[in-house]
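Small disclaimer: the values here were computed from a predicted structure and weren't measured.
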Protein chains: 4
Amino acid sequence: MRIGLLTGGGDCPGLNAAIRAVVKQATGEYGYTVTGFRNGWRGVVDGDVVPLGRPDIRNVLPVGGTLLGTARFHPHAEDGGLDGVLATLEAERIDSLICIGGDGTLHAAQQVAQAGVDVVAIPKTIDNDVEGTDLSIGFHTAVNIATEALDRVHTTAESHNRVMVVEVMGRHAGWIAVNAGIAGGAEVVLAPEEPFDIEAVVKYLRHRHRAHANFSIVVVAEGALPKAGSAMEYEQALGRFGEIVAGSIGERVAAEIAERTGFDTRLTVLGHVQRGGEPTPTDRILGSRFGVAAVDAASRGESQVMTALRGESVVMVPLAEIAGKVKHVPSELLRVAQVLA
Amino acid sequence: MRIGLLTGGGDCPGLNAAIRAVVKQATGEYGYTVTGFRNGWRGVVDGDVVPLGRPDIRNVLPVGGTLLGTARFHPHAEDGGLDGVLATLEAERIDSLICIGGDGTLHAAQQVAQAGVDVVAIPKTIDNDVEGTDLSIGFHTAVNIATEALDRVHTTAESHNRVMVVEVMGRHAGWIAVNAGIAGGAEVVLAPEEPFDIEAVVKYLRHRHRAHANFSIVVVAEGALPKAGSAMEYEQALGRFGEIVAGSIGERVAAEIAERTGFDTRLTVLGHVQRGGEPTPTDRILGSRFGVAAVDAASRGESQVMTALRGESVVMVPLAEIAGKVKHVPSELLRVAQVLA
Amino acid sequence: MRIGLLTGGGDCPGLNAAIRAVVKQATGEYGYTVTGFRNGWRGVVDGDVVPLGRPDIRNVLPVGGTLLGTARFHPHAEDGGLDGVLATLEAERIDSLICIGGDGTLHAAQQVAQAGVDVVAIPKTIDNDVEGTDLSIGFHTAVNIATEALDRVHTTAESHNRVMVVEVMGRHAGWIAVNAGIAGGAEVVLAPEEPFDIEAVVKYLRHRHRAHANFSIVVVAEGALPKAGSAMEYEQALGRFGEIVAGSIGERVAAEIAERTGFDTRLTVLGHVQRGGEPTPTDRILGSRFGVAAVDAASRGESQVMTALRGESVVMVPLAEIAGKVKHVPSELLRVAQVLA
Amino acid sequence: MRIGLLTGGGDCPGLNAAIRAVVKQATGEYGYTVTGFRNGWRGVVDGDVVPLGRPDIRNVLPVGGTLLGTARFHPHAEDGGLDGVLATLEAERIDSLICIGGDGTLHAAQQVAQAGVDVVAIPKTIDNDVEGTDLSIGFHTAVNIATEALDRVHTTAESHNRVMVVEVMGRHAGWIAVNAGIAGGAEVVLAPEEPFDIEAVVKYLRHRHRAHANFSIVVVAEGALPKAGSAMEYEQALGRFGEIVAGSIGERVAAEIAERTGFDTRLTVLGHVQRGGEPTPTDRILGSRFGVAAVDAASRGESQVMTALRGESVVMVPLAEIAGKVKHVPSELLRVAQVLA
């Protein structure tokens with residue numbers, strides 16, 4: 001059997017653990033060959049292939065990023081993209097394609113599968129919003145990095161009597177914001193799941209600082225939303241915030257807090273460091289389990305399925321069940337973030 | 001309502017997160033009071049109490065250990081222990097006792113509850129072998145520390161062409177050994193779940209070093225067992241291993257490998273560092289969620305229940321369901337450790 | 001003897017180690033009392049004092065920030081500021097004032113000393129540009145944090161074939177940029193010590209990517225300067241860069257690289273996280289040694305001196321020798337950064 | 001010019017940074033070739049060579065250990081060892097040999113140099129006891145790891161009211177013990193520089209626990225020595241300690257404390273983890289600077305010299321000046337460890 005393998009979308013820690021597991025499991029127990037495609041779907045379209053054996057995966061387990069490279073390229077969105085994919089897969093005589101990626105990659109995977117190729121997907125997104133699995137590769141490390149940043153600004157906030165606003169990733173769901181917010185002891189967490197009222201945030205901070213505290217930490221997911229009908233939502237729609245051309249939501253929240261409370265308020269936008277560096281043991285284990293499970297599924301002839309963590313088990317879920325869905329933070333977790341503020 | 005709170009058994013990271021959450025949730029939303037008992041059940045017997053309010057839990061979220069202190073003391077195993085517990089709980093007019101602990105504490109909790117006191121338990125053990133919950137407090141940090149140690153001995157093993165044997169905690173189950181073994185890329189993982197044949201281990205290492213490698217890492221859970229009927233089991237029963245008085249299983253495994261293969265073999269016993277230091281974000285979040293859930297359960301008048309993580313949810317499970325059971329590493333995870341060797 | 005103690009300027013990790021050492025050494029061996037002033041020089045002016053004993057410094061060694069609080073407030077720059085300082089010091093009967101701070105604090109210290117009060121200074125600045133000492137408190141931790149960030153963006157740069165621009169602190173000297181650049185394997189390091197020619201940077205990156213590489217990391221100190229007479233310097237003077245209102249130097253460098261090379265280029269501005277969090281062992285040791293040495297100097301009646309690390313020794317240097325000077329990165333270190341690119 | 005390169009003695013973090021710097025500097029600016037010898041001096045004797053170019057050093061900067069391998073093998077102590085070294089160096093036409101190592105390697109380097117080969121040495125030892133340089137490669141990372149371990153046992157010590165004894169490396173000098181002891185807030189530090197009186201240690205612990213504390217941390221260097229003329233020294237000479245065959249000094253100290261105080265006392269022996277894992281930024285920078293400086297020295301035709309850090313400068317020191325000397329911890333640092341207890 002010939003296995004194809006690619007990593008698509010944004011890079012993150014844990015991808016190499018999955019690649020390593022696919023190669024070890026495929027070439028070991030089963031005696032399959034593994035063909036890697038460079039830079040995600042673009043490498044499939046371009047026929048940019050690299051054979052993968054045991055020497056190629058030596059020492060990659062604790063290394064972030066992806067040795068295959070990746071790109072934000074969607075074959076179904078390009079003219080002739082899908083045809084290119086199918087042509088390469090046929091030329092390389094791929095029996096089963098294992099795709100590691102997020103939303104876009106899962107969508108492409110389904111389209112390729114429907115054209116008749118066996119496809120097994122492995123979910124990866126630091127946003128953790130892929131439906132059907134407790135965890136996606138990369139999320140756990142991102143939470144660790146964001147928590148570490150909160151620990152760091154905490155000491156500065158306390159020493160200088162400041163409000164520190166920290167913007168973290170999470171476009172459609174607030175997994176990083178809520179988890180890091182709880183772990184880092186944030187006073188306010190703004191996540192897409194619960195549109196916020198800036199007036200209520202300000203009121204809470206004023207109350208807190210009057211009562212006993214002299215600092216506060218506010219975590220803002222990049223996809224946090226002002227309450228419908230609020231002035232801030234209106235300004236956001238206009239692309240302006242007061243005098244300032246609208247920047248990120250974090251900038252706007254920090255500016256509002258500074259103006260309305262008069263507190264010394266500072267913003268940190270974490271950015272790319274959230275998706276880099278050494279994977280946590282959890283992401284290494286997750287990638288390893290998903291890689292082994294994906295090869296097992298391919299060996300059984302399964303297709304249009306995705307590896308998923310459910311509690312203590314790794315299971316396969318049909319891509320059709322999860323397509324187009326966003327997994328949101330459950331209300332219990334949102335509430336914990338709130339009651340511990 | 002008056003909540004009692006104790007931490008029992010060995011200390012571990014994440015306990016303070018749970019204490020903080022109990023205090024915040026109890027004194028905040030509900031307006032309860034919280035009475036802490038010092039040094040586990042011993043403090044209950046001795047009436048060693050400390051009122052807990054918000055100032056007491058400031059800045060403890062990222063701090064390991066337990067601000068209440070703990071002790072390996074089981075009231076049901078002491079003359080008059082249970083009576084002492086009940087007397088203190090009555091004197092302090094405790095409506096509900098929240099006990100954070102492992103095996104021993106859960107057992108004591110059940111006995112106290114059967115004597116008519118409301119008891120809610122929160123599971124904690126770095127061994128992660130409490131039945132009914134995906135995770136217990138402290139385990140996740142221990143896996144991180146053990147993985148970090150494996151990463152460290154890895155570079156030495158490679159540089160010196162050595163076999164490094166690392167003994168980790170896990171008396172009845174191999175959770176730390178298997179997880180750290182996968183995350184740290186160990187070649188051999190010996191866990192209580194699968195009694196090992198030292199001859200097979202040696203044969204595998206010889207084969208591996210002949211084939212391509214010049215180093216190997218062997219992880220041994222402290223509760224790893226030689227195969228029934230083997231010479232090693234016999235020696236273990238005698239309390240001797242060859243000329244040497246039997247030490248830990250790690251010592252014995254290292255000595256056997258050294259003697260039978262002639263490879264330069266070194267042992268590291270991780271010991272107490274596994275239960276110390278700053279909790280990972282995962283342990284902080286777990287402790288926080290369990291603490292909030294325990295107070296919620298107490299407020300509903302529940303008793304003889306334990307907080308548990310199941311997938312993405314926190315649920316309550318009856319103590320009766322889990323009493324006396326050991327949660328073992330599932331076979332899927334054991335297999336991943338094996339195929340990635 | 002009565003010792004006064006304050007921390008001034010921006011907070012950083014290692015301040016608590018110094019505070020702890022001052023308190024232990026003063027109250028222990030010597031039997032002095034220690035009076036802390038809250039929020040830097042502002043607390044001296046306002047008479048905001050707190051007696052410091054052993055219980056106050058428990059467990060603060062590994063904690064970032066400063067338990068005394070700090071503020072960017074310069075008494076000599078305020079009307080009656082100096083008089084306020086002297087009045088409080090007299091009211092509190094302070095025999096010797098130990099000031100932990102950077103530029104501004106050292107300057108204030110000298111002014112206060114010249115008014116007749118014994119003053120001993122301890123240097124602190126994450127920029128490490130205080131003359132006369134190998135290290136100032138906070139710098140070492142900042143280099144660690146910046147290096148960690150470079151390690152993280154490295155994997156993303158490689159996976160996505162990107163140029164990653166990372167802006168770090170360092171207004172007048174490039175200590176963080178050069179050290180983190182070497183430790184993090186940066187391809188280009190821009191420091192105030194050597195004004196840069198953006199055309200040369202771009203040429204080097206083009207050459208490198210043509211030759212063999214598909215990614216690069218560029219570290220920019222916030223005080224990096226375009227070469228005199230260059231177009232970029234001119235634009236900087238105008239406060240504009242092309243169409244864009246001039247942001248930080250990092251933004252401008254990233255925009256130039258993107259435009260001139262066409263490479264996918266991303267910016268990360270590290271910001272406040274560089275001054276936060278747990279101090280490294282080196283900063284804890286430095287703070288501890290400086291704290292002990294400062295009390296020793298006070299006990300000998302020394303004034304207008306600063307603790308300093310010189311090789312393996314801690315020595316006292318006269319404030320007059322270092323006033324107004326900026327310590328720059330030596331050329332040997334700048335060259336190492338360059339030859340290892 | 002042809003440069004030979006080897007790493008000898010025990011491995012440690014930072015060696016790869018030095019190898020990388022030697023290769024970059026030699027092959028870049030100077031256009032030299034670099035020949036690596038595998039497994040230290042053994043590889044020279046055996047002619048086990050590997051050409052080193054830029055592809056060989058990719059991504060090794062943050063990796064512990066040594067890509068060349070190492071061995072505890074001393075050519076001057078083996079029959080014909082020195083002749084074998086000279087024969088290989090001639091066969092490979094090595095103009096200058098760069099040796100990275102500790103005591104043994106420096107000694108061998110001098111012997112080889114006296115036989116007429118140009119030799120430049122780079123000091124490496126986690127014990128930091130090489131004379132003439134502020135720092136040797138590997139020491140800084142070891143202090144970090146030991147401090148982290150102290151931080152971890154600290155929380156357990158506090159939670160359980162225990163005395164934790166931690167044995168760290170340092171055969172002839174107490175650099176790790178004293179630095180980690182200060183950084184980790186140890187109550188007692190036993191280093192070879194000051195032979196200890198176990199009775200005084202016990203008395204101090206008793207006093208401390210009576211006065212206010214309920215836990216203590218004792219750091220013991222593996223080379224710590226009982227006071228001359230004490231019973232413990234006598235027992236050590238006999239190879240027995242009470243009923244027990246003498247183990248490490250840490251074991252003996254822990255047993256004495258336990259017996260004489262009755263306090264719950266636990267031992268942790270850090271062992272191999274101290275020399276493993278990712279180098280700290282400081283060790284990466286030190287290795288980088290030393291590697292560049294060694295090639296520069298070779299290019300100038302220098303021999304029998306060693307790279308050394310002195311304050312902020314890297315200088316070359318003659319091997320003759322440092323041969324056979326042990327660098328001890330200065331008294332100022334020993335005193336800081338004591339006054340902060």
Where do [X] and [Y] come nearest, in terms of heavy atoms and distance?
| X | Y | value |
| --- | --- | --- |
| B:G311 | A:D134 | CA-OD2, 3.2 Å |
| B:T282 | A:H140 | OG1-NE2, 2.6 Å |
| A:L340 | B:A21 | CD2-CA, 3.7 Å |

Discussion item. By the definition side-chain contact (heavy atoms from CB on, under 4.5 Å), identify the one residue from B:D151, B:T147, B:T280 that meets it with A:P281.
Written reply: B:T147

Discussion item. Which one wins on heavy-atom pair count under 4.5 Å against chain B: A:H212, A:R20, A:R284, A:R54?
Written reply: A:R284

Can you tell me which portion of [X] sits under 4.5 Å from chain A's heavy atoms? Options are side chain, backbone, both or neither.
| X | value |
| --- | --- |
| B:V292 | side chain |
| B:D283 | neither |
| B:N144 | both |
| B:L61 | side chain |
| B:T155 | neither |

Do you know which of [options] has the most heavy-atom pairs under 4.5 Å to chain A?
| options | value |
| --- | --- |
| B:K24, B:R58, B:E312, B:E158 | B:E312 |
| B:L286, B:N179, B:V23 | B:N179 |
| B:H154, B:E148, B:Q25 | B:Q25 |

Item to complete: Kindly check if the number of other-residue, nucleotide or ligand heavy atoms within 6.0 Å of NZ (B:K325) is above 12?
Response: yes

Item to complete: Please indicate whether B:E131 has more than 12 foreign heavy atoms, meaning atoms of other residues, nucleotides or ligands, lying under 6.0 Å from its CD.
Response: yes

Residue [X] versus chain B: region with a heavy atom under 4.5 Å:
| X | result |
| --- | --- |
| A:A341 | backbone |
| A:E278 | side chain |
| A:E332 | side chain |

Discussion item. Looking at A:E29 and B:R335, is any side-chain nitrogen of the basic one under 4.0 Å from a carboxylate oxygen of the acidic one?
Written reply: yes

Discussion item. Quick check for you: to the nearest 0.5 Å, what is the distance between B:I285 atom CD1 and A:I182 atom CD1?
Written reply: 6.0 Å

